[in-house]
Amino acid sequence: MNTKAYRILIFGAGVIGSVYALRFAQSGLDVTILARGKRLQTLQREGLIYNEHGTNKQIPIRTIEALDDDDIYDFIFVPVRYDQSEAALSAIQHNRSKNIVTLTNTIGYGPWLDIIGDRLLPGFPGAGGDIKENVLYAQFGSEKHQGTIFGEIDGRMTERVNELAQLFESVDLHYEVQKDIQAFHISHTALAIVNKHFYTDDGMMSIEQARSEDILSRIARDIKHNIQRVEQAGISVIPPETKAMGQLPHNDIISRYRQMLSNDFIIDVKLGNHAISQKAEILLLDKMFQSTFNLRGGL
C-alpha cells in the first residue's frame with residue numbers, strides 16, 4: 001500500500017492528537033480529527049493553529065464529530081489519557097476499521113481487548129507539549145527511544161506493524177517497533193506515576209516547590225522502588241535508559257530531575273496545563289500500579 005493513500009483518523013484533538021494530525025497533514029496524508037465541543041468549533045473555524053519557532057501558523061484540517069460504523073480508515077490513532085481510554089474505544093467499538101493504535105499509558109490490555117479485540121495495536125506517543133489559547137506548542141522526540149513506540153502484544157512483526165513503520169518513515173518521524181510492548185508500558189508507568197508528587201490539592205505546585213530537595217527526594221525514592229518492583233516481578237525494564245534510571249544513586253536522580261526542570265519545554269509538560277489535565281490519569285495509573293504489584297508480591 002502506498003503511504004500517500006492511507007486514510008488516517010485521529011480520535012481526539014488534545015496535544016498529542018493535534019501534533020500527530022499536524023505532521024500528517026503537513027506531509028500530505030489524508031488525515032481527519034474526531035473532535036468535540038469548543039475544540040471542534042475552533043478547528044472548524046480557524047484550522048489547526050500551531051507555534052513554530054515563535055510564530056503562530058495555521059493549517060486547514062478535516063474534522064468530524066462522530067464516527068460512522070462504515071467510515072473505514074487504514075489506521076485509527078487513539079491518543080487519549082488512560083482514564084479516558086475505555087470510553088474512547090467504546091465510542092469506536094462498532095466501526096469496521098481494522099487497525100486501532102492506542103497512544104497512551106497503561107499497564108495492561110485486558111479491558112481494551114474486550115472492547116475492540118485483535119484490532120488493538122498498542123503504542124505510546126513520541127511527542128509532548130501544551131495547548132495555550134487554542135495554539136499548539138508541541139514537538140516530537142528527536143531520538144529513537146523518544147519516538148513513537150508500537151508493537152503487537154505477542155511481539156510478532158506483522159504486516160500492519162510494517163505498514164505503520166513505513167507510514168512514520170514517510171513523514172520523517174522517529175519510531176521504534178517494541179517487541180515487548182507491555183513491558184515497555186509497565187516500565188514507563190513506573191516512571192510516570194512519580195509525577196503525582198507535583199500535584200497539590202488545587203492544581204500544580206510552583207517550579208520552586210517542584211525543584212525542592214523534599215519533592216525531588218520523594219521522586220528519586222519512588223523511581224528506585226517502582227523499578228525494583230517491576231524487576232522483582234520478572235518483567236523486563238525497557239528501554240535501557242529507564243532501567244539505568246533506577247540504578248542511579250539517589251542524589252544523581254535528584255540532580256537529573258533538577259536539570260530537567262530547568263528546561264522550559266519540560267517545565268510546560270510536567271507543570272503546565274497539560275500536566276493539570278493529566279492528574280486523573282496519573283492518580284489512576286498509580287492506583288493500578290500499586291494494586292498490581294502488591295498482588296504480585298513486588299514489595
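Just so you know, these numbers use all the heavy atoms, side chains as well, and skip hydrogens, waters and symmetry mates.
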Practice task
Under the salt bridge (Lys or Arg N to Asp or Glu O under 4.0 Å) rule, what do Glu213 and Arg258 come out as? Steps first, then yes or no, please.
Solution key: CA-CA 9 Å; Glu213 191 75 16; Arg258 186 167 285 130; 3.3 Å; yes
Handout entry: Asp130/Lys132 salt bridge by N-O under 4.0 Å criterion
Key = no
Problem - Basic-acidic side-chain contact under 4.0 Å: Lys98, Asp74 - result: no
Can you list the residues that meet the side-chain contact (heavy atoms from CB on, under 4.5 Å) rule with [X], with sequence neighbours excluded?
X: Ser217; result: His250, Ile254
X: Ser85; result: Val80, Tyr82, Trp112
X: Ile153; result: Tyr109, Leu113, Leu120, Pro122

Exercise for the section: Check whether the side chains of His188 and Asn105 place a donor and an acceptor atom closer than 3.5 Å, and report yes or no. Expected result: yes
Side-chain donor-acceptor contacts of residues 31-38 below 3.5 Å, not counting sequence neighbours, with atom names and distances?
none

Exercise for the section: Report yes or no: does Asn195 contribute a side-chain atom to a donor-acceptor pair with the main-chain N or O of Lys270 at less than 3.5 Å? Expected result: no
Exercise for the section: Please answer whether the main-chain N or O of Gly108 pairs with a side-chain N or O of Thr106 as donor and acceptor at a distance below 3.5 Å. Expected result: yes
Fill in the blank from the handout: Connected to Ile49, directly or through other members, by ILVMFWY side-chain contacts below 4.5 Å are Val135, Tyr137
Handout entry: All ring pair (Phe, Tyr, Trp, His ring centres under 6.0 Å) counterparts of Phe77, not counting sequence neighbours
Key = Phe24
